Peer 1: 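One structure coming up, written as structure tokens, with questions to follow.
Here is the naming used below: chain letters follow the sequence lines, and residue numbers restart at 1 for every chain. Predicted, not measured: the structure shown is a model, and the values here were computed from it.
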Amino acid sequence: MKIKIDKHKLTDDKIMYYNKPEVVYIPLISGNDTDITILVKKGEYVYKGGIIAKRKGDLRIPIYSSISGIVLDFEEKTCFNGTKVKCVAIKNDFKEAMDKKLTIKKNINKYTKEEFISILKDSGIIGLGGAGFPTYIKYEGTKAKTLIVNAVECEPYITADDILAKKRCEEILETIDAILEINGMEKAIIVIKENNVELKNIFDDYIGTYLKISLKTVKNYYPAGWERNLIKDATGLEYDRLPLEVGVIVNNISTIYAIYDALKYGKPLSERIVTFSGEGIKNPTNILVKVGTPVKDILSQLKIEDDHILISGGPMMGIKVDNDLVLSANQNSILLLKPLNCKETQCIRCGKCIEVCPAKLSPVLIMKAVNSKNVDIEQLRKLHPEKCIECGLCSYICPACISIRDAITKAKKMVKEVK
Amino acid sequence: MKSFLKDNPIFALSLGLCSALAVTTTFEKAYMMGLSVLFVLLFSNIFVSLIRKHVSTSIQIPVFILIIGTFVTILSLLLERFMPSLYDSLGVYLSLITVNCIVLGRALAFASKNSVGKSIADAFKIGIGYTIAMMLIGLVRELFGSNTLTFMNDISALTGYRLVFKNVLPFSLSILATPAGAFITIGILTAIFNFIRSKYESN
Amino acid sequence: MGPFIKSSNKTSRMMFNLLIALTPIILFTVYKHGYIPYTHGQVDVFGIFYPLLFVLIGSLTTFIIELLYYLIIKRTDEFKTSYGFFPGLFLALILPIKTPIYVLLVGCLVASLSKIVFGGFGRNIFNPALIGYIFVVATFSFVFSTSYYEVDTVSKATPLTNASMVSGIGTYDELVKPYGDLLDFFIGTTPGSLAETSTLLCLLAFIYLTCTKTIKWRISLSYISTVFLITFGISRLLGVGLYYPLFHILSGGLVFGAVFMATDPVTSAATTTGQIFQGILLGILTCILRFTTTEGVATSILIMNMFVFILDKMGSRVRFNSYACLPWVVLVCFMIIVSMFVLASKKRVVAEKDPNFNIVNKEVTDNKTIYTATQKGYGGNIKADVVIENGKIVSVEIISHNETKDRYQSVTDANYINKLIEGQDNLKNVDTVSGATVTSTSLRKLLINVMEDFH
Amino acid sequence: MNLINLFVSGVLSENIVLTKFLGICPFMGTSNKTKDAIGMSLAVTIVTTLSSIITYLLYNYVLVPTNSVYLKTIMFIFVIACMVQILLIIIKNKFKKLYQSLGIYLPLITTNCAVLGITLLNVNSGYSFMQMLVYTLSSCLGFSIVLCIFSSIRENLSEDIPKSFKGYPIAFITAGIMALIFGRLI
């Protein structure tokens with residue numbers, strides 16, 4: 001069973017700008033990894049696009065400053081995943097000074113594969129869909145033939161990718177074409193929702209000149225944007241662990257646009273479009289913001305209502321955060337929602353969670369198993385809680401208001417710990 | 001009272017259930033079964049205690065079972081001779097005393113480690129607790145299930161008296177006389193027992 | 001933690017939907033068991049609403065018992081979400097309308113206790129209403145004798161008791177005709193417990209409940225289709241018409257059970273595959289039980305309650321590996337085919353010894369045999385002398401009976417005894433007297449039993 | 001047909017656990033996990049079948065001719081105890097894997113009243129050899145089915161059961177309800 005969730009206010013069709021933050025706090029986090037070497041000192045002047053930190057370990061990807069200014073301090077701020085993370089506070093001098101000149105490359109498809117990979121690395125391109133995983137890894141040494149561009153925003157409220165695709169359609173198509181050429185891939189499929197007619201029309205206008213790129217519409221359900229569903233809907237292929245097994249690379253559409261910036265101008269990833277929505281915001285909108293901008297500053301510019309909770313991410317997978325949040329590159333939305341007024345009651349084994357689970361789990365059985373007094377790990381393992389993608393549909397659908405996802409996350413941990 | 005609550009073989013330890021469920025349809029059968037177990041328990045405890053120093057632990061179980069089996073055989077021969085109708089109605093469950101967990105359990109856990117005197121005392125303690133529990137179950141099941149009370153019927157062959165009450169209550173729940181009723185009766189009695197015990201212990 | 005939006009389909013909403021779906025059925029019982037008897041002058045004005053009162057007493061009883069329980073253990077907030085009135089409501093609906101109130105109360109007590117003992121709402125393993133039901137069946141079996149199903153002006157056996165009385169596999173005339181036609185079965189004017197007969201309303205309820213995502217529709221659907229499949233197979237094997245499978249589906253509260261009882265969320269499988277198999281197994285069990293006992297729905301639902309966790313275990317594996325259900329598929333197919341053939345071959349002749357029949361005296365002289373025999377009728381034993389000469393019944397004389405005057409009158413008015421003597425070569429095909437079905441059936445059975453003894 | 005009837009009633013309406021209360025100890029004691037239940041029922045089936053055959057022959061060809069029927073209890077339990085030991089040794093040496101899964105259940109079987117009960121019922125009811133075999137197998141099947149169902153239910157019992165009913169009482173009541181339902185399957 002596929003669930004449609006779209007009873008919510010939509011944003012308007014404009015991109016607003018908020019590019020003059022007084023102070024930015026660049027979170028020192030890459031993916032979920034906070035083991036990062038700081039390369040700047042207090043009081044040092046940094047340029048826009050200057051490297052201020054580097055991730056340790058194998059997946060070396062730099063962290064850039066999104067403005068130019070003086071490093072004020074290192075402060076703990078709330079990050080997209082709700083944890084407190086060390087941030088570099090930089091005072092904006094509003095000069096947007098860069099240490100090198102922007103070079104405009106005419107033909108972005110004239111790169112070699114090696115150059116392409118190193119540009120991705122140097123520009124700090126990470127998956128902007130949510131996970132924040134470095135993008136170059138997908139391209140490095142793969143033999144994938146198909147690129148799937150994820151323009152399906154399946155979580156309610158969020159329209160950041162949608163608006164980006166509408167406004168930057170040509171650039172995106174150009175980038176996709178360049179990626180195909182550089183990596184010797186055969187085709188690209190842009191996947192959009194079938195109810196997003198507007199976007200489909202815009203793409204239809206431009207796509208004609210790109211023979212290798214096709215458009216595919218999928219049904220409007222949650223989680224249509226999950227990699228596994230996306231690939232199955234777009235190509236009919238199913239895989240075991242990674243999409244690469246079936247020769248597919250999946251990139252979010254905003255990642256593609258970030259790649260465009262990097263290829264065309266050598267611009268590192270320093271800003272993105274974030275959806276500000278929810279019942280608590282009177283006119284929901286998309287705002288182009290600099291990485292590291294404190295959410296407080298932006299919210300003060302919007303008409304908001306009190307008594308709402310601040311959520312980082314979508315309503316399904318997002319996390320409740322305090323308003324000390326700073327924006328990071330993989331943050332696609334900030335929501336102000338009414339707190340749920342829902343009391344947990346007894347599970348009645350209605351089986352709805354099993355019907356909706358996209359990962360084919362049996363959430364209620366996992367929950368029962370993990371909540372029993374002496375947990376039988378062997379039994380639990382047979383229910384495969386590790387396959388959970390934490391989409392939250394089970395908790396959403398539960399008529400008894402039980403937070404089933406939390407129980408499964410617990411089971412996931414338990415299975416991982418007890419080897 | 002304390003040992004009845006703490007060591008009761010049926011309600012507290014859930015041992016010897018087979019006979020507690022099967023032959024408690026009448027009060028008489030229930031207490032006669034209890035006494036039979038007491039008999040076997042007593043003699044097996046005495047013998048096990050007597051030979052305890054001559055039996056190595058590795059062959060304990062077979063030897064003990066054979067001892068118990070001997071006394072069960074003696075008991076059934078006695079019953080068959082003197083109370084044939086009771087022997088018939090107890091049927092296979094009389095022989096099954098051999099594998100009754102209470103008897104073997106006490107032999108292994110107590111009699112094989114203690115002197116004869118202590119073993120006799122233990123046999124009485126456990127056996128009487130068992131008999132009382134059996135009487136209770138038999139009373140409930142017969143009174144509410146068949147609406148009769150049989151104190152002496154089958155054993156009248158020996159005693160010469162019959163003591164049976166009929167239609168004691170204005171109603172009957174025939175279900176209690178069925179096998180399902182046996183389970184439910186013991187379940188509820190054990191729950192009540194647990195309740196009393198928890199009250200008793202908290203005081 | 002998230003999600004920060006919730007589906008609007010709450011438990012309370014589901015229970016409300018269930019209540020809405022039950023309302024027409026309850027109203028229909030008022031029509032069937034209240035209004036129709038009223039028009040025939042059998043009950044007074046108050047009697048019209050007796051079915052409603054009956055259902056109300058049932059639901060209030062379980063409601064109050066649960067309230068008391070939660071008051072005693074001081075967890076009243078839990079009581080608000082325990083929906084205590086449902087077991088009693090369902091129990092009242094599946095009992096015959098003439099059930100004495102004290103029996104209903106005892107049944108409700110057992111139903112409530114069977115729920116409470118497992119920890120209350122959502123934790124019970126067995127369907128509480130059905131536990132109450134089989135307790136009543138086991139303890140107060142008289143409730144289920146024919147007279148308690150009285151409906152209309154005539155007291156009739158329920159279609160299924162009738163079916164099992166005649167033989168396992170009957171003709172259209174035997175099975176359906178005494179009650180009208182199949183449409184009557186569908187609409188639900190045949191005798192039976194309060195709710196078990198209005199198939200139409202049950203189907204409407206099924207559509208409503210499925211659309212509102214309240215019940216596990218897979219169970220109902222696979223249940224009914226399996227019963228249809230097996231009985232259809234039997235009808236093919238025996239060469240009887242389509243009425244036979246339809247009769248089985250439309251009678252005995254099968255649809256009510258399939259829609260409301262088997263899909264009780266707490267006591268049914270949670271996994272989708274488990275639900276389908278639960279339905280199929282329910283169908284197989286019901287068919288088998290109908291041929292061995294008179295009632296199959298309640299028992300088979302309770303049996304499947306025991307298998308729910310095993311089915312769910314299988315169901316959760318099937319989601320990752322479809323072959324995990326292969327043994328079950330084989331088992332189910334095997335069971336369906338075997339039950340079809342075995343049941344078809346089991347053309348049940350009247351039970352060898354009819355418990356309601358008793359030979360008081362038997363005199364044999366040359367070619368003449370005189371039987372004095374009794375057969376249980378509507379109000380008690382009917383005692384009759386039957387004279388057989390040269391293997392033929394020559395006279396039947398009723399010595400004593402306890403039938404009501406009207407019934408007996410209509411039997412004598414119809415000259416039924418002579419009809420029986422005339423049709424003695426094929427007694428089973430002699431029609432019963434409308435208005436005195438039980439009496440006439442008993443007389444017929446008396447003769448059938450006598451002839452059987454004679455041969 | 002007679003054998004089929006015997007078989008069906010042995011599994012359902014004459015179920016040894018639910019109507020004759022044999023094998024109650026493993027039923028109540030060891031059946032908290034389905035895996036254990038399957039192991040236990042397998043072990044019981046093997047031991048019971050083998051010892052039924054031996055005791056049947058022993059009874060009819062040794063005890064009856066020598067007029068020493070009264071020794072049956074003691075002889076039977078002796079046979080069963082030996083059987084368990086022999087099986088244990090065989091499995092231990094030849095079928096390592098089976099030993100790992102069944103090993104812990106086998107020793108418990110000597111004192112399982114189901115085994116002794118079935119062997120005694122076989123000779124008490126005066127069955128022919130075929131009837132005896134059918135009855136034994138159906139009883140074991142009945143035992144296994146009920147044990148597996150019961151363990152799956154117990155595994156899933158809630159923690160919210162009233163305190164006094166926790167543990168054995170609720171198990172008894174569940175078994176009672178099961179017996180009630182099985183009793184309707186005549």
Peer 1: Please list, in residue-number order, every residue in residues 267-274 of chain C that has a heavy atom less than 4.5 Å from any heavy atom of chain D; write 'none' if there are none.
Peer 2: none
Peer 1: Is the shortest side-chain heavy-atom distance between D:Phe182 and C:Met306 below 4.5 Å?
Peer 2: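 D:Phe182 vs C:Met306: side chains touch.
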Peer 1: Evaluate the side-chain proximity of D:Ile153 to C:Phe118: yes if any heavy-atom separation is below 4.5 Å, no if none is.
Peer 2: no
Peer 1: Side chains of C:Tyr69 and D:Pro162: closer than 4.5 Å at any heavy-atom pair?
Peer 2: yes
Peer 1: Quick check for you: to the nearest 0.5 Å, what is the distance between D:Ile181 atom CD1 and C:Ile134 atom CD1?
Peer 2: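 It comes to 5.0 Å.
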Peer 1: I need the D:Asn156 CG to C:Asp312 CG distance, nearest 0.5 Å.
Peer 2: 8.0 Å
Peer 1: Atom CZ of residue position D:Phe7 - does it have more than 12 heavy atoms of other residues, nucleotides or ligands inside 6.0 Å?
Peer 2: yes
Peer 1: Drop me the distance from C:Phe121's CZ to D:Ser158's OG, to the nearest 0.5 angstrom.
Peer 2: 13.0 Å
Peer 1: Considering only heavy atoms, which portion of C:Ile125 lies under 4.5 Å from any heavy atom of chain D: side chain, backbone, both, or neither?
Peer 2: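 The answer is the side chain of C:Ile125.
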Peer 1: Working to the nearest 0.5 Å, report the span between CG of C:Asn305 and CD1 of D:Ile177.
Peer 2: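 So the CG of C:Asn305 and the CD1 of D:Ile177 are separated by 10.0 Å.
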Peer 1: To the nearest 0.5 Å, what is the distance between CG (D:Leu12) and CD1 (C:Ile303)?
Peer 2: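 Between D:Leu12 CG and C:Ile303 CD1, I get 8.0 Å after rounding to 0.5 Å.
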Peer 1: Please examine the side chains of C:Val117 and D:Ile161, heavy atoms only from C-beta on, and report whether any two atoms are closer than 4.5 Å.
Peer 2: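 SC-SC contact between D:Ile161 and C:Val117 ruled out.
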Peer 1: Tell me, for D:Ile173 versus chain C, whether the close heavy atoms (under 4.5 Å) come from the side chain, the backbone, both or neither.
Peer 2: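 Contact with chain C: side chain only.
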Peer 1: Side chain from CB out, backbone as N, CA, C, O: work out which of these in C:Val308 comes under 4.5 Å of a heavy atom of chain D, or both, or neither.
Peer 2: neither
Peer 1: Working to the nearest 0.5 angstrom, can you tell me the gap between C:Ile310 CD1 and D:Glu155 CD?
Peer 2: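 Taking CD1 in C:Ile310 and CD in D:Glu155, the distance rounds to 9.5 Å.
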Peer 1: Side chain from CB out, backbone as N, CA, C, O: work out which of these in C:Phe126 comes under 4.5 Å of a heavy atom of chain D, or both, or neither.
Peer 2: side chain
